[in-house]
Amino acid sequence: MTRDQLQAFLRVAQEGRLSPAAKGLGLSQSGLSRQLQALEAELGTRLLVRTPAGAVLTDAGERFLPHARRALDALAAGRSELERLSGTPRGPVSLGTLHTVGAYLLPDIIPTFARRFPEVRPRLSEGMSTALEDNVVRGVLDLAIVSLPVRHTDLVAQKLWEEVLVLAVPRGHRLTKVTRPLALADAVEETWVVIPSMSGTRALEAECEARGVTPRLALETDNAEAMRRMVERGLGVALIPELMARDHQSRGFDVVPLAKSGLKRQVALVHRGEGYLTAAARELKSFIVESVRAMPEPWGGGKRTGAAPGPRVR
């Protein structure tokens, strides 16, 4: 029984389907199936059954699931102890992140980390906050960068930054010529490109409901990069975090600040606690916190300080 086999089983149990599970693990679907078959052969029982609706845990699979999680936790703890003895962080670290952070922030951080810790192998996956949180709780991810508030009160959360949301519009859009402060209410009748679960989309829906109008949606997507590119191509306007607007002058869209909108997002780094982190994961966590703090406002303060442990969210 190997760590990879246990991870394969836990990922399929979480996803409910082999295809997304294989993608999340960086395996082919046939490679994932071989891992599962080898585990079942060693245990002498079926853990999963494929159905038209997806992969379903058998009774044996349900009973084995918590033991598999504890086994991986024990392996991680053992590896961490050995790393402390060697003094050299090494091995994989699974980091989940919001699409916007993965595209616009981590490229400024991960390459430097990789040069400093060449024996650590970050594994990056992107998704929505709720799914990322769930994956940290299940032990699929070591760390995750998510939007606050955190739903799982047993996770440790360290706030990284707070930023406003701005209105992204196609280059030369009429709203860029408005001279008075622009409220969200002034834009509700525009054609929109949205990510359904984002805080900006919820604010747009609330504003539309207050005005008695139905939002005109050109596209719903779960990918921030797709949303930005659709705005660039003139499909509609979008509410985006300030992080995405940093280099908008070099891209094909304009930014319209919203006056006193109160539209913000808070971004935090979450994990299950120091005892669950390997030495490599702890180094990556500290490096991300330090790197963000060294950035200019609103993400950081432009100063490097010690990375204090974050509070538990209650």
Side-chain angles (χ1 to χ4, degrees), residues 97-108 126-130 145-149 159-268 292 295-300 302:
T97 183
L98 301 166
H99 293 289
T100 50
V101 177
Y104 291 90
L105 182 70
L106 291 184
D108 296 333
E126 298 181 349
M128 302 297 186
S129 276
T130 53
I145 300 175
V146 301
S147 295
L148 292 177
K159 182 178 172 181
L160 295 175
W161 74 84
E162 179 178 282
E163 62 184 323
V164 299
L165 302 184
V166 297
L167 185 65
V169 301
R171 185 63 49 83
H173 192 276
R174 66 174 186 85
L175 290 178
T176 61
K177 301 175 177 63
V178 176
T179 56
R180 59 182 172 81
L182 188 74
L184 180 58
D186 298 325
V188 293
E189 295 189 6
E190 293 291 327
T191 301
W192 289 85
V193 180
V194 302
I195 295 177
S197 62
M198 283 185 68
S199 58
T201 303
R202 294 193 294 270
L204 170 64
E205 292 167 345
E207 191 66 46
C208 287
E209 184 176 353
R211 292 173 60 87
V213 300
T214 301
R216 185 166 34 174
L217 304 183
L219 177 72
E220 292 184 355
T221 178
D222 64 356
N223 187 283
E225 275 292 274
M227 181 172 67
R228 175 186 64 80
R229 291 179 67 83
M230 293 299 176
V231 172
E232 289 180 359
R233 299 300 191 274
L235 184 62
V237 303
L239 286 169
I240 64 172
E242 198 172 2
L243 179 65
M244 287 183 67
R246 282 194 301 172
D247 302 321
H248 73 91
Q249 294 90 348
S250 63
R251 300 181 184 275
F253 69 98
D254 288 329
V255 167
V256 180
L258 297 174
K260 298 180 181 178
S261 67
L263 294 178
K264 297 180 179 180
R265 77 165 178 178
Q266 295 179 321
V267 180
V292 170
M295 293 174 64
E297 293 183 350
W299 301 280

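Hydrogens, waters and symmetry mates play no part in the numbers below; they use all other heavy atoms, side chains included.
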From Val164, Val166, Leu165, Leu239, residue fulfilling side chain to side chain contact (heavy atoms under 4.5 Å, CB included) relative to Leu258 = Leu239
message = Arg233: which residues meet the side chain to side chain contact (heavy atoms under 4.5 Å, CB included) condition with it, sequence neighbours left out?
response = Arg229
message = Any non-hydrogen side-chain atom of Leu204 less than 4.5 Å from a side-chain atom of Val188?
response = yes
query = Ala224: what forms a side chain to side chain contact (heavy atoms under 4.5 Å, CB included) with it, not counting sequence neighbours?
reply = His99, Thr100, Ile195, Met244
ask   = Can you tell me how far CD of Gln266 sits from CG of Leu160, rounded to the nearest 0.5 angstrom?
value = 11.0 Å
note = Sorted by chain and number, sequence neighbours left out, side chain to side chain contact (heavy atoms under 4.5 Å, CB included) with Ala206 holds for none
query = Are any of the side-chain heavy atoms of Pro170 and Asp254 separated by less than 4.5 Å?
reply = no
task = Measure the shortest side-chain to side-chain distance between Leu106 and Ile145 over non-hydrogen atoms and say whether it is less than 4.5 angstrom.
result = yes
key: Heavy-atom closest pair, residues Leu98 and Ser129   = CD2-OG, 3.3 Å
note = Looking only at heavy atoms, the pair that brings Leu217 and Glu220 closest together is CD1-OE2, 3.3 Å
inquiry  = Going by salt bridge (Lys or Arg N to Asp or Glu O under 4.0 Å), name the residues that satisfy it together with Asp222, two or more places apart in sequence or in a different chain.
reply    = none
request  = First locate atom CG of Leu219, then atom OG1 of Thr191, and finally report the distance between them rounded to the nearest 0.5 Å.
outcome  = 12.0 Å
message = So Met198 and Ser147, do their side chains get closer than 4.5 Å, heavy atoms only?
response = no
ask   = Taking side chain as C-beta onward, heavy atoms only, is Thr176 less than 4.5 Å from Val256?
value = yes
remark   = Residues Lys177 and Gly172: closest non-hydrogen pair is NZ-O, 3.1 Å
inquiry  = Within the structure provided, determine whether Asp186 and Val178 are in side-chain contact (heavy-atom separation under 4.5 Å).
reply    = no
key: Within-4.5 Å side-chain heavy-atom neighbours: Phe253 and Val169   = no
key: Summary of salt bridge (charged side-chain N to carboxylate O under 4.0 Å, His left out) pairs that have at least one residue in residues 188-217, sequence neighbours excluded   = Arg174-Glu190
query = How close do Glu126 and Gly102 get, heavy atom to heavy atom, and via which atoms?
reply = OE2-CA, 3.4 Å
query = What residues, two or more places apart in sequence or in another chain, satisfy side chain to side chain contact (heavy atoms under 4.5 Å, CB included) together with Glu225?
reply = Ala103, Tyr104, Asn223, Arg228
query = Do the side chains of Leu105 and Val292 get nearer than 4.5 Å, heavy atoms only?
reply = yes
note = Between Glu163 and Leu243 the two heavy atoms that sit nearest each other are OE1-N, 2.6 Å
Pair Ser199-Leu263, side-chain contact (heavy atoms from CB on, under 4.5 Å): steps then yes or no = CA-CA 8 Å; Ser199 58; Leu263 294 178; over 6 Å; no
request  = Starting at CZ of Arg265, measure out to CH2 of Trp161 and round the result to the nearest 0.5 Å.
outcome  = 6.0 Å
